Amino acid sequence: MAQVKVTLVDGSEKWYPAGINPGEIASEIGPGLSRSALIAKVNDTYIDLNRPITEDARLEIVTFESKEGKSAFRHTAAHILAQAVKRLYPSARLGIGPSIEDGFYYDFDVETPFSTEDLERIEKEMRKIVKENYPLERIEVDREEAVRLFSKMGEAYKVELIRDLPQGEKITCYRQGEFIDLCTGPHVPSTGKIKAFKLLSVAGAYWRGDEKNPMLQRIYGTAFPKKTALDEYLQKLEEARKRDHRKLGKQLDLFSIQEEGPGFPFFHPKGMVLRNILEDFWRKEHRKRGYQEIKTPIILHEKLWRQSGHWDHYKENMYFTNIDNESYAIKPMNCPGSMLLYRRKIHSYRDLPLRVAELGLVHRHELSGTLHGLMRVRCFTQDDAHIFMLPSQVEDEIVRVIDLVDHFYRAFGFDYHVELSTRPEKAMGSVEIWDRATAALKEALERKGMEYKVNEGDGAFYGPKIDFHLEDALGRTWQCATIQLDFLMPERFDLTYIGPDGGRHRPVMIHRVVFGAIERFIAILTEHYAGAFPVWLSPVQVKILTIADRHRPYAEEIKGRLEERELRVEEDYRDEKIGYKVRQAELEKVPYMLVIGDHEVENGSVAVRERGQKDRGLMSIDEFMSLVEAEVESKG
RNA sequence: GCUGGCGUAGCUCAAUGGCAGAGCAGCUGAUUUGUAAUCAGCAGGUUAUCGGUUCAAGUCCGAUCGCCAGCUCCA
């Protein structure tokens with residue numbers, strides 16, 4: 001019998017009879033691996049454990065530890081969900097059911113949407129299917145057969161998917177018990193593997209993500225090989241919810257959104273402190289890098305928006321108003337205003353690049369269902385800038401902005417990922433111009449050696465963009481910084497500069513934001529620190545707590561000393577026990593508490609308590625101030 | 001905008017279709033206290049809004065508004 005050489009991940013090589021499958025190899029290696037084996041990676045493809053190995057290959061037994069293992073595991077869980085739904089609701093039509101980060105979902109077309117009680121029923125049925133422990137069987141069919149099979153079952157959506165598959169490609173299905181689904185796999189060997197799972201929520205989702213298509217019912221769930229891991233995950237979710245900036249914003253009294261202004265946030269005194277610190281930091285860093293600051297009006301005449309192209313491409317998102325029988329728009333972006341200012345005078349090539357920054361308040365009519373605390377609002381302040389350049393300066397300028405964003409995000413300890421968004425369907429300008437702009441962005445990214453994901457068709461209507469995404473507490477990502485390259489606005493506004501040849505030339509322009517929107521950035525910041533802001537950002541840096549009334553004069557003196565040094569101080573002189581005041585300060589997440597009693601008054605010291613820690617002991621006031629100031633300086 | 005869920009005191013939450021409640025916060029008083037909650041009293045509500053069913057609605061039905069999850073869209 002022919003033999004195949006199998007190279008394992010540790011580099012060892014073994015010979016097996018041809019046709020052996022990865023599952024058999026796993027059990028030969030050991031019962032532990034055999035038990036945790038889910039799928040296999042043979043050379044570079046992931047396959048089921050029962051697929052035969054017919055030639056020499058590199059083999060990796062894939063467990064739940066790896067991304068692909070998790071994905072296959074949860075994909076199988078999705079099939080179990082679909083099977084359960086088909087048992088309970090035979091008329092349900094199947095959409096798609098992939099694994100996702102941390103779980104899986106499956107879409108169903110059903111007459112009446114699922115309720116929470118339905119989820120419990122479905123879960124119960126799923127448990128039965130797991131217990132019945134069906135093997136997952138891979139079936140290859142040709143196209144006609146597949147169409148016939150799924151048509152017979154009435155699975156119109158599946159038939160549509162099959163029709164869209166490339167011609168000539170093999171079509172695979174997976175069967176478990178009475179249930180069969182169109183699927184490329186791979187899957188874990190049997191339904192019994194899915195030991196711990198939970199259905200989490202139901203939501204509507206358009207078929208194929210298009211709002212013109214019917215809305216299906218999507219059931220979300222997650223699955224783990226062990227109950228303890230599932231519980232741990234649910235616990236983690238619970239913890240993450242406590243970091244929600246909407247909750248913390250209320251608790252810490254940073255901001256609110258009132259029913260009278262959906263999507264229009266109110267900033268409270270403490271939120272304003274935070275916001276002003278961010279703006280101060282921003283101004284300082286921008287001045288250092290040669291930016292000038294401007295402010296343009298919030299309301300401008302409709303004709304400006306016609307000229308900029310917003311009228312044609314962005315009208316649905318804009319608010320309009322009338323003044324003296326003329327139509328005006330409330331700005332959804334800052335660029336047109338900035339264009340007018342560029343145009344106010346003649347520019348020499350020697351003036352370029354011209355970096356013009358604006359903390360600009362914009363209003364956009366976002367769909368009501370998309371509003372989300374401070375993350376997604378209807379009015380927000382962009383830390384905008386428009387950079388007018390010679391064509392030869394484009395790449396350098398993009399790189400400078402990338403560096404700036406990186407500098408900022410490092411200061412806050414943020415991880416981010418980058419996406420390159422290309423020409424959308426309803427774009428202004430020619431494909432050639434877009435290609436040129438996109439190439440320039442790519443070039444800059446590659447020069448920085450940055451990894452990025454391409455987001456086809458997601459650019460602004462006037463140009464492609466590099467987006468920087470940050471994560472919230474629940475791992476949802478939000479676009480914050482963006483760098484957009486624009487050849488079109490300068491054209492539309494007939495911007496020029498005088499070149500060395502004395503002639504007029506067209507500048508190129510970058511639109512960019514670093515925070516993105518200050519509101520969103522504050523939201524991310526709040527979730528990132530779980531409300532326990534580092535000292536330099538804390539709305540209140542020090543809280544003075546007195547033991548008894550008689551300590552008040554000394555506490556006042558301390559407070560004065562701290563305020564002289566521009567530290568942000570609050571006091572709590574109420575006649576309450578110290579434990580009570582400490583508790584309250586802890587809940588307010590104030591980084592430093594100073595306890596003042598007889599002892600401190602006598603020897604002119606302060607007793608320092610650090611947030612989340614115990615008593616740090618006595619210190620002189622000078623010692624304490626240097627400590628805090630050093631911490632502020634280091635942005636720690 | 002769409003699908004589903006939810007909306008009770010400033011906050012967190014109770015209340016079979018049958019008298020709207022608790023804890024915290026607030027106010028008043030007592031207490032003068034050493035590192036995560038001192039005690040007592042008082043006050044706090046058109047149960048989101050509007051309409052309907054019912055002898056009776058926080059609870060059932062409809063509409064509107066808002067919030068939450070997701071989809072679509074986006075900083």
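A, B, ... follow the sequence lines: proteins, then strands. Residue 1 opens every chain. Since we're looking at a predicted model, the values are computed, not measured.
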Exercise. So, the side chain of A:H313 versus the backbone of A:H310: is there a donor-acceptor pair under 3.5 Å, distance only?
Worked result: no
For this session: Let me know the distance between CG of A:D107 and P of B:U72, rounded to the nearest Å.
Result: 10 Å
Problem set entry | A:R583 bridged to A:E586 by N-O distance under 4.0 Å | no
For this session: Using only side-chain N and O atoms of A:R550, determine if any of them is under 4.0 Å from OP1 or OP2 of B:U33.
Result: yes
For this session: Let me know the distance between CD of A:E576 and C1' of B:C39, rounded to the nearest Å.
Result: 10 Å
Seminar exercise, completed: The nucleotide from B:U32, B:C67, B:G34 with an atom nearest the side chain of A:P262 is B:C67
Problem set entry | Cationic N near anionic O, under 4.0 Å, A:R243 to A:E527 | no
Problem set entry | For atom CG of A:L237 and atom P of B:C68, their distance in whole Å | 17 Å
Problem set entry | Pairs meeting criterion salt bridge (Lys or Arg N to Asp or Glu O under 4.0 Å) with involvement of residues 588-603 of chain A, two or more places apart | A:K543-A:E588, A:R550-A:D598
Seminar exercise, completed: OG (A:S538) and CD1 (A:I277) are apart, to the nearest 0.5 Å, by 8.0 Å
Exercise. Got a sec: does the CD of A:Q251 have more than 12 other heavy atoms crowding it under 6.0 Å?
Worked result: yes
For this session: Please report, rounded to the nearest Å, how far the P atom of B:C67 is from the CE atom of A:M375.
Result: 16 Å
Exercise. So which pairs with a foot in residues 374-385 of chain A pass salt bridge (Lys or Arg N to Asp or Glu O under 4.0 Å), sequence neighbours left out?
Worked result: A:E366-A:R376
Exercise. Looking only at N and O atoms, is any donor in the side chain of A:E586 or the base of B:A36 less than 3.5 Å from an acceptor on the other one?
Worked result: yes
Exercise. So what does A:V595 touch, heavy atoms closer than 4.0 Å: a base, only the sugar-phosphate, or nothing?
Worked result: base
For this session: Between B:G66, B:C73, B:U35, spot the one nearest the side chain of A:D615, thanks.
Result: B:U35
Exercise. Would A:E471 and A:R476 pass as an ion pair if we require N to O under 4.0 Å?
Worked result: no
I'd like a list of close polar pairs between nucleotides 12-14 of chain B and the protein, N/O only, cut-off under 3.5 Å.
none

Problem set entry | Pairs involving residues 199-211 of chain A, ordered by first then second residue, that meet salt bridge (Lys or Arg N to Asp or Glu O under 4.0 Å) (sequence neighbours left out) | A:E160-A:R208, A:D164-A:R208, A:D210-A:K212
For this session: Pick base, sugar-phosphate or nothing for A:V377, based on heavy-atom distances below 4.0 Å to the nucleic acid.
Result: base
For this session: Measure from NZ on A:K577 to C1' on B:C39 and round the result to the nearest Å.
Result: 10 Å
For this session: Identify, with sequence neighbours excluded, every residue that meets ring pair (Phe, Tyr, Trp, His ring centres under 6.0 Å) alongside A:Y233.
Result: A:F224
Problem set entry | Candidate nucleotides B:G34, B:U35, B:C67, ranked by approach to the side chain of A:K614 - the nearest | B:U35
Problem set entry | Along RNA chain B (nearest heavy atom to each residue), the more 5'-positioned of A:T482 and A:M593 | A:M593
Could you run down the sub-3.5 Å N/O contacts of the protein with nucleotides 22-26 of chain B?
from	atom 1	to	atom 2	distance (Å)
B:A25	OP1	A:Y580	OH	2.8

For this session: Report yes if at least one side-chain N or O of A:K465 is closer than 4.0 Å to OP1 or OP2 of B:A75; otherwise report no.
Result: yes
With the criterion being N/O to N/O and under 3.5 Å, what pairs connect the protein with nucleotides 43-49 of chain B, and how long is each?
none

Exercise. How far does the C1' atom of B:C42 sit from the matching atom of B:A9, given to the nearest Å?
Worked result: 15 Å
Exercise. Should the pair A:H469 and A:H417 be assigned to parallel (<30°), tilted (30 to 60°) or perpendicular (>60°) ring geometry?
Worked result: parallel
Exercise. When the C1' atoms of B:A15 and B:U47 are considered, how many whole Å apart are they?
Worked result: 11 Å
Problem set entry | P-based separation of B:A57 from B:C19 [nearest Å] | 11 Å
For this session: Using only side-chain N and O atoms of A:R364, determine if any of them is under 4.0 Å from OP1 or OP2 of B:C73.
Result: no
For this session: Return the 5'-most residue of the pair A:N317, A:S201 with respect to RNA chain B, ranking by each residue's nearest nucleotide.
Result: A:S201
Exercise. To the nearest Å, how far apart are A:H372 NE2 and B:C68 P?
Worked result: 7 Å
Exercise. Can we call the ring centroids of A:F468 and A:Y452 under 6.0 Å apart?
Worked result: no
For this session: May I ask you to evaluate whether A:R246 reaches the phosphate of B:C68, defined as a side-chain N or O under 4.0 Å from OP1 or OP2?
Result: yes
Problem set entry | Partner set under ring pair (Phe, Tyr, Trp, His ring centres under 6.0 Å) for A:F255, not counting sequence neighbours | A:H245
Exercise. In whole angstrom, what separates A:L252's CG from B:C11's C1'?
Worked result: 13 Å
Exercise. Taking the P atom of each, how far is B:C67 from B:C60, in whole Å?
Worked result: 23 Å
For this session: For A:R552 and A:E571, run salt bridge (charged side-chain N to carboxylate O under 4.0 Å, His left out): C-alpha distance rounded to whole Å, both residues' side-chain angles, the deciding distance at 0.1 Å, then the answer.
Result: CA-CA 10 Å; A:R552 201 164 160 154; A:E571 79 267 357; over 6 Å; no
For this session: Look at all strands and tell whether A:G209 reaches a base, only sugar-phosphate, or nothing, counting heavy atoms closer than 4.0 Å.
Result: sugar-phosphate
For this session: Please check if the distance between the ring centroids of A:F320 and A:W311 is under 6.0 Å.
Result: yes
Exercise. Looking across every strand, which nucleic acid part, if any, lies under 4.0 Å from A:Y220 by heavy atom: base, sugar-phosphate, or nothing?
Worked result: sugar-phosphate
Exercise. What pairs meet the salt bridge (Lys or Arg N to Asp or Glu O under 4.0 Å) rule with one or both residues in residues 412-425 of chain A, with sequence neighbours excluded?
Worked result: A:E419-A:K453
Seminar exercise, completed: Intra- and inter-strand pairing of RNA chain B, written as dot-bracket with Watson-Crick and G-U pairs under 3.5 Å and | for the latter, reads (((((((..((((....[..)))).(((((.......))))).....(((((..]....))))))))))))....
Problem set entry | Polar side-chain atom of A:S605 near backbone of A:L618 as donor-acceptor pair, under 3.5 Å | no
For this session: Tell me whether the OP1 or OP2 atom of B:C74 has a side-chain N or O from A:R476 closer than 4.0 Å.
Result: no
Problem set entry | Interatomic distance where CZ belongs to A:F380 and P belongs to B:C74 [whole Å] | 12 Å
Exercise. Which value, in whole Å, describes the distance between the P atoms of nucleotides B:A43 and B:A48?
Worked result: 24 Å
Seminar exercise, completed: Output for pair (A:R241 CZ, A:L237 CG), nearest 0.5 Å, gives 5.0 Å
Exercise. What is the nucleic acid contact for A:R520, judged by heavy atoms within less than 4.0 Å: base, sugar-phosphate only, or nothing?
Worked result: base
Strictly under 3.5 Å: I want the nitrogen or oxygen pairs between protein and nucleotides 1-3 of chain B, one per line.
from	atom 1	to	atom 2	distance (Å)
B:G1	OP2	A:S368	OG	2.2
B:G1	N7	A:G369	N	3.1
B:G1	N2	A:Y206	OH	2.6
B:C2	O4'	A:Y206	OH	3.4
B:U3	O2'	A:Q217	NE2	2.9
B:U3	O2	A:G204	N	3.2

For this session: For residues 95-120 of chain A, pull every pair meeting ring-ring contact (aromatic ring centres under 6.0 Å, His included), keeping only residues two or more places apart or in separate chains.
Result: A:Y89-A:F114, A:Y105-A:Y220, A:Y106-A:F108, A:F108-A:F114
